[in-house]
Each structure stands twice: as structure tokens, then as C-alpha cells.
Amino acid sequence: MTLTTEKINELIGVKESYQASDALMAILFDKAKREKMFKSFLEIEWRLDHDWFHAYFEEEHANKKKYAQDFTPDSISKLLAKIAGSSSSNLDVAAGTGSLMIQKWNQDRLSISPFEYRPSLFFYQCEELSDRALPFLLFNLLIRGMNATVVHGDALSREAKQAYFLQNDKNDPVSFSNLNVMPHSPIAEREFDISKWLEKPLKHIESPKIIIDSEKEQLSLF
């Protein structure tokens, strides 16, 4: 069995692809439903070294007319990840569904012994404008247990709808990340260089603490 368009829609729980983004976003905010969905996807596709949604999104959701959206193929993403080399912090502006960041994450985790790798060793920063792409980007980061921030907004004007903080609370390579929405505070505006919030703040916190490393934790950022 493969992740066809029909199968992806079935797993998300929609009949038509145009419904997928909104339905997926709603599921992501329910941890129990989200992780049940993740496990259903993993029963069909267990390889995490590529973006499952690249062809699906480009065929069903890309807005070429309004946003001139074209998504980076895996071959180019792999090359760019190798050129970037190894670093503990990574930034992808106009991240789309996360193809480039997935390749960087895969390169990072393979660069370390599986006995020494911890998600907290690397941090990923993404920015994306598209309402349709955002849920798939969050999905890709969460299911891989990545520690990351995602700014949903315009990279040029710095106007944003929300900023998300994803954390693998167990610091475990086989665990999913938790989803948190950052407050619309002066600290968040300064940290993410946000000039204006375009939506009301969302109150959604799943991580009680921020992991600095496996031995040390900092109490609530929120």
C-alpha cells in the first residue's frame, strides 16, 4: 500500500483534497487524534527521509497563479542540505511543506551515532506564508520528533498570523513532538522579528518545559 492522493485524504478524514488543509489543522490541535493519525500514516509509509506530501500538495493544493508556488524536489533538497553542512540551528524561509528541512534533519541525525543522537541537539526554524501548506509543514516536523519554530506569515513584511514552537518533550528519537502556540508578546515579536500580528492569539500549550539538553531544563517559556 502506498500514500496515494486517495489514501492521504482517507487518513486525514476528507472526501475531497480541498478540504484537507483545514481538516488536518484541526487534527493537529488534538494530541490524541494527531498521534493516532501519525501511527496510521506510519503503518503505510515508515521511511521518514523524504516529504510524503510533495507530489500530493503540488498536484492538489499549490497556488501557482497567486503565489507562484513550486516545491523543491527531493534531489535538490538533498543537495542543498549537503551544501549547508552540519549545524545545530537551521533556517528555511518559504519552507512549503518542509522538503528541504526534512533532508537537513535526516542528514543531521545520520551524522551522529544512533546511541548519541538526541532531538535537542538540533533546532529548526521555518517560515511559511501559505495557509494551505502550513498544516502539512507542521505535520512533517511533528511526526519526525523535531524541535522547531514555525512562523506563519510574510517573510518580507514580517506580518504574521501565529508562531509555533514544536518540541520533542521526551527528547527521544522515536517520539513525536508536541505542538505549542507562542503568545503574541513583545518577547515573541522580538525573537521572531514580527512587525504585526494578523490574527488573534491562540492559547494552546502542550509542553510544560523547554528542554535545553538531556540533563538540564528551563521552566516555562509561556
Side-chain angles (χ1 to χ4, degrees), residues 1-61 71 74 95-99 101-103 105-106 109 114 117-120 122-124 126 128 130-150 152 161-182 202-211 220 222:
M1 189 180 297
T2 58
L3 285 173
T4 61
T5 292
E6 293 73 20
K7 194 61 184 178
I8 290 173
N9 287 341
E10 177 187 332
L11 292 173
I12 295 174
V14 297
K15 293 183 178 180
E16 302 290 342
S17 296
Y18 75 87
Q19 302 169 315
S21 291
D22 289 342
L24 180 56
M25 197 64 172
I27 294 172
L28 294 179
F29 274 82
D30 185 318
K31 183 176 180 179
K33 290 183 179 179
R34 177 179 79 227
E35 297 193 348
K36 181 179 179 181
M37 178 184 63
F38 286 167
K39 292 174 183 177
S40 295
F41 269 88
L42 290 168
E43 288 176 359
I44 298 172
E45 175 58 274
W46 55 269
R47 296 172 302 169
L48 294 169
D49 61 352
H50 65 285
D51 179 9
W52 302 336
F53 301 114
H54 181 271
Y56 170 81
F57 194 89
E58 199 157 48
E59 291 174 5
E60 303 291 338
H61 297 279
F71 292 84
D74 285 338
T97 56
S99 175
M101 204 56 89
I102 289 170
Q103 293 302 326
W105 165 82
N106 191 53
R109 67 177 181 139
Y117 173 76
R118 301 189 309 275
S120 62
F122 299 96
F123 195 76
Y124 304 91
C126 299
E128 176 54 41
S130 170
D131 294 343
R132 288 188 175 184
L134 184 79
F136 294 94
L137 174 61
L138 293 173
F139 177 110
N140 278 330
L141 302 177
L142 289 163
I143 198 171
R144 289 168 175 79
M146 298 164 70
N147 286 356
T149 58
V150 176
H152 182 197
K161 294 182 177 180
Q162 304 293 340
Y164 300 87
F165 171 58
L166 284 56
Q167 178 174 263
N168 187 322
D169 284 8
K170 296 180 180 179
N171 207 14
D172 178 2
V174 296
S175 292
F176 304 131
S177 296
N178 276 344
L179 176 65
N180 307 279
V181 184
M182 298 298 294
L202 298 176
K203 293 183 179 180
H204 185 85
I205 303 298
E206 295 177 1
S207 299
K209 298 179 181 180
I210 297 176
I211 298 174
S220 177
F222 311 99

Original post:
Does the side chain of Arg34 come within less than 4.5 Å of Asn178's, by heavy atoms?
Top reply: yes
Subject >> Worked check of side-chain contact (heavy atoms from CB on, under 4.5 Å) between Trp105 and Leu48 >> reply: CA-CA 10 Å; Trp105 165 82; Leu48 294 169; 3.9 Å; yes
**OP:** Working to the nearest 0.5 Å, report the span between CD1 of Ile205 and CZ of Phe165.
**Re:** 9.5 Å
**OP:** Return yes if some donor-acceptor pair links the side-chain N/O of Ser40 with the main-chain N/O of Lys36 below 3.5 Å, else return no.
**Re:** yes
Subject >> Shortest non-hydrogen contact between Cys126 and Ala95, atoms and distance >> reply: CB-CB, 3.8 Å
**OP:** Among Asn9, Thr97, Asp51, find the one that has a side-chain hydrogen bond (donor to acceptor under 3.5 Å, both in side chains) with Tyr56.
**Re:** Asn9
**OP:** For Glu128 and Ser130, indicate whether the former's side chain and the latter's backbone hold a donor-acceptor pair under 3.5 Å.
**Re:** yes
Original post:
How close do Asn168 and Pro119 get, heavy atom to heavy atom, and via which atoms?
Top reply: ND2-CG, 3.4 Å
Original post:
How many angstroms lie between atom CZ of Phe29 and atom CG of Leu138, to the nearest 0.5 angstrom?
Top reply: 7.5 Å
Original post:
To the nearest 0.5 Å, what is the distance between NE2 (His54) and CZ (Phe136)?
Top reply: 13.5 Å
**OP:** Would you mind reporting whether Ile143 and Leu42 have side-chain heavy atoms less than 4.5 Å apart?
**Re:** yes
**OP:** Consider only side-chain N and O atoms of Asp169 and Ser207, and report whether a donor and an acceptor are under 3.5 Å apart.
**Re:** yes
**OP:** Classify the ring geometry between Trp52 and Phe41 as parallel (under 30°), tilted (30 to 60°) or perpendicular (over 60°).
**Re:** parallel
**OP:** Using the side chain to side chain contact (heavy atoms under 4.5 Å, CB included) rule, pick out the option among Leu141, Leu142, Asp30, Val150 that qualifies with Leu179.
**Re:** Leu142
Original post:
Would a distance-only check, ignoring hydrogens and angles, find a side-chain to backbone donor-acceptor pair under 3.5 Å from Gln162 to Val181?
Top reply: no
Original post:
Within a strict 4.5 Å, meaning less than it, do heavy atoms of the Asn147 and Ser120 side chains meet?
Top reply: yes
**OP:** Kindly say whether Asn180 contributes a backbone atom to a donor-acceptor pair with the side chain of Glu206 at under 3.5 angstrom?
**Re:** no
Original post:
Which pair of non-hydrogen atoms, one from Ala23 and one from Val14, has the smallest distance, and what is that distance?
Top reply: CB-CG1, 3.5 Å
Subject >> Sub-4.5 Å side-chain heavy-atom contact between Glu45 and His50 >> reply: yes
Subject >> Whether Gln167 side chain and Ser177 backbone form a donor-acceptor pair below 3.5 Å >> reply: no
**OP:** Kindly compute the distance separating CG (Leu134) from CZ (Arg132), expressed to the nearest 0.5 Å.
**Re:** 13.5 Å
Subject >> Side chain to side chain, Arg109 and Arg144, heavy atoms closer than 4.5 Å >> reply: no
Subject >> Lys33 NZ to Leu28 CG distance, which is reported to the nearest 0.5 Å >> reply: 12.0 Å
**OP:** Describe, in one word, how the ring planes of Phe122 and Tyr117 are oriented to each other, choosing from parallel (under 30°), tilted (30 to 60°) and perpendicular (over 60°).
**Re:** parallel
Original post:
What distance separates Met101 CE from Tyr124 OH, expressed to the nearest 0.5 Å?
Top reply: 8.0 Å
**OP:** Please assess His152 against Asp131 for the test side chain to side chain donor-acceptor pair (under 3.5 Å), listing each intermediate value before the final yes or no.
**Re:** CA-CA 8 Å; His152 182 197; Asp131 294 343; 2.8 Å; yes
**OP:** Could you pull out the closest heavy-atom pair between Pro135 and Ser21, with the gap in Å?
**Re:** CG-O, 3.4 Å
Subject >> Heavy-atom check, side chain of Leu3 versus side chain of Leu11, under 4.5 Å >> reply: yes
